[in-house]
Amino acid sequence: MAQPVEVAARRSDAAFAEHGMSKGDERLNIYRLEPIAEPDDPRWDNAPGHGVVTVAARSSGDARLVAASQELDYMEIDAKPAEDVTTGMASAFRSEKLYTVIEIARDRQGLTRGLIEGEIGVDTIRPVQI
């Protein structure tokens, strides 16, 4: 049975950690995530953009997860989210209407799964004013 990319990635990462295998031994692809929505698109109100970023990941879907994982999360601050225990589901990187994913290299060795280039701000969680 096929597993969602996120579940498969977590299991793979856990196996690497358990067996002491270097992350550099895994073949990864390099992806560029670029904003495609207009700057005045209302979707940016719910999920702020970070410009163009480049990541090392297993697939284009995994590239979205890798980029989203770099954002500040509710789990890392003293706050409670409205919908879940994490804010990963609300990331602009996970929306195909806000970001596109472009593969720029395939099957590279010596990379670690994660952010290669670009800046991902910590302003993804904003205080609510009543």
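- With sequence neighbours excluded, the residues forming a side-chain contact (heavy atoms from CB on, under 4.5 Å) with S95 are K97, L98, listed by chain and number.
- The side-chain heavy atoms of E26 and T112, taken from C-beta on, include no pair separated by under 4.5 Å.
- The side-chain contact (heavy atoms from CB on, under 4.5 Å) search around E34 returns R32, V52, T100, I102, not counting sequence neighbours.
- Taking the six-membered ring where tryptophan is involved, the planes of F93 and Y99 are tilted, since the angle between them lies from 30° to 60°.
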Under the side-chain contact (heavy atoms from CB on, under 4.5 Å) criterion, do V55 and Q70 qualify, and how do the steps go? CA-CA 10 Å; V55 299; Q70 301 298 307; over 6 Å; no
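- A pairwise comparison of heavy atoms in V101 and S60 identifies CG1-CB, 3.8 Å as the closest pair.
- One distance of note links CG of L28 with CD1 of I116; it measures 8.5 Å at 0.5 Å rounding.
- With sequence neighbours excluded, the residues forming a side-chain contact (heavy atoms from CB on, under 4.5 Å) with D107 are R27, N29, listed by chain and number.
- The pair R64-E96 does not count as a salt bridge, with every side-chain nitrogen at least 4.0 angstrom from each carboxylate oxygen.
- From R43, atom CZ reaches atom CG of D45 across 11.0 Å, with rounding to the nearest 0.5 Å.
- Residues satisfying the ring pair (Phe, Tyr, Trp, His ring centres under 6.0 Å) test with Y31, not counting sequence neighbours, are none.
- Here the CD-CD1 distance, from E117 to I30, works out to 10.0 Å after rounding to the nearest 0.5 Å.
- Summarising the geometry of A92 relative to W44, their closest heavy-atom pair is CB-CZ3, 3.9 Å, with the distance given to 0.1 Å.
- Closest non-hydrogen pair, G118 versus L115, comes out as O-CD2, 3.7 Å.
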